[in-house]
Amino acid sequence: MMKVLIVGHGAREHAIAKSLAESDVELYAAMGRRNPGIAGLSKSVEIMDINDPRLYKKFKNMDIAFIGPESALATGVTDRLQELGVQVMGPTKETAKLEWSKAYTREFVDDQGIDGNPAFRVCRSMRDIRGFLKEHPDVAAKPDVLTGGKGVMITGEHLHGASEVEAYAAERIRSDGLVVLEEKLRGDEFTLQAFTDGKRVEVMPLVRDYKRAYDGDQGPNTGSMGSYSCPDHGLPGLSEVSIRKGTAIMKRTVKKLADSVDRYKGVLYGGFMDTERGVYLIEYNSRFGDPEAMNVLSLLRSPLLDVGWQIVDGRLSTPAFEKKATVCVYLVPDGYPVEPKRDTPVTINPPRNSELFFASVHEEAGEIRTTTSRAIALLAKGRSVSEARERVYSDVPLIEGELFHRTDIGAGV
Ligand code: GLY
């Protein structure tokens, strides 16, 4: 039987593991902390530092590995597994640089003549920072390291006035040697997730996620509180033209990367801003989004294992997705993300109308308890977003504990 390694321990990886388990496989899991959902599907589980490539020798007899989180891609876990003779569905360290270095990506996109960058400067001094702010007082300031989505600071939202921008940018230069300043883009954000074998780029159904903690897009930013997708695989208000423009930027990036660096093999996630002046690239991620993975994988009709093999073999064909809507809702500890209540018990009554994905919980004497991060995701499908919404919210009360959730995921769609 085929031996498949899954790396990671969140709800995204639980979704990947569930999809893989639909094929005839033996699943092995490398996790930083025990995810009871993934563990239940796996023949064996290693709790380890998943970001340390030196610890992967024990997996040398795997046939293929699926890597979930960007942190492991950024440290070269793909490269290490490939050295050990394991095929990997996930980019190498060099190609995953599209996510782990914002400066690299902006410069690559410009150097390769790909149309998609806003005005930006890679700043290494106060002089650079002040020079850019003179031309563009409203900016997005981006660290050049992985920050789990929490490091980007935007004028008017997180930073107020030039002095706050200067102070933050200077702090990043002190810690990382540089910071990327970009003109602040105004418009509608959208993301495209695509499978790619480094040549072909196959876009998945579009998903909208909700980053703010509270209803009405209020409160602090989070890892995301939920997401929805539509039966036609598009998003309300987003034109075909904009989707085509975003897809074209991704296709050119993959092609130029193959020509000048290496073939990017895995999932590429493009964040875009649809503005009055056109579509701009906000950033790339080198993996499935979380929670977006739950939405698209629940619709994927082609076995994920087959898609993975097609990617590593460089013969990707168009995957099939069900024409249904999905709504995913995260249940998170009270106080999340500022002062999350950790170690409180969670009672799970089996969901009736939705699927459950474990995110960050720990088990103690058979009891599931919260950590400081998102605990559990529920996802339902339906013929419409409102049907999927009704189904998922009908199951939320079955998860009992000191938890909260947003009540407006997919509302009004
Ligand atoms: N949902 C956003 C991300 O995974 O980066």
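Every number for a ligand or one of its atoms is a count from 1 in the order of the listing.
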Check ligand 1 for N or O atoms under 3.5 Å from a protein N or O and list each pair with its distance.
{"residue": "ligand 1", "atom": "1 (N)", "partner": "D209", "partner atom": "OD2", "Å": "2.9"}
{"residue": "ligand 1", "atom": "1 (N)", "partner": "D290", "partner atom": "O", "Å": "3.1"}
{"residue": "ligand 1", "atom": "1 (N)", "partner": "E292", "partner atom": "OE1", "Å": "2.9"}
{"residue": "ligand 1", "atom": "1 (N)", "partner": "E292", "partner atom": "OE2", "Å": "3.1"}
{"residue": "ligand 1", "atom": "4 (O)", "partner": "R287", "partner atom": "NH1", "Å": "2.9"}
{"residue": "ligand 1", "atom": "4 (O)", "partner": "D290", "partner atom": "N", "Å": "2.9"}
{"residue": "ligand 1", "atom": "5 (O)", "partner": "N285", "partner atom": "ND2", "Å": "3.4"}
{"residue": "ligand 1", "atom": "5 (O)", "partner": "R287", "partner atom": "NH1", "Å": "3.2"}
{"residue": "ligand 1", "atom": "5 (O)", "partner": "R287", "partner atom": "NH2", "Å": "3.2"}

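- Geometric assessment of R374 against the ring of Y330 yields a positive cation-pi assignment under the 6.0 Å and 45° thresholds.
- Annotation: cation-pi pair R212/Y210 absent, no NZ/CZ under 6.0 Å from the ring centroid and within 45° of its normal.
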**Item:** Verdict with reasoning, E283 to K102, per side chain to side chain contact (heavy atoms under 4.5 Å, CB included)
**Value:** CA-CA 7 Å; E283 63 173 6; K102 306 298 174 208; 3.5 Å; yes
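- No salt bridge links R124 with D128; every basic N to acidic carboxylate O contact stays at or beyond 4.0 Å.
- Formation of a donor-acceptor pair under 3.5 Å by the E183 side chain with backbone atoms of A119 is found in this model.
- Seen from the ring of F357, K18 counts as a face-on cation partner, given the 6.0 Å and 45° thresholds.
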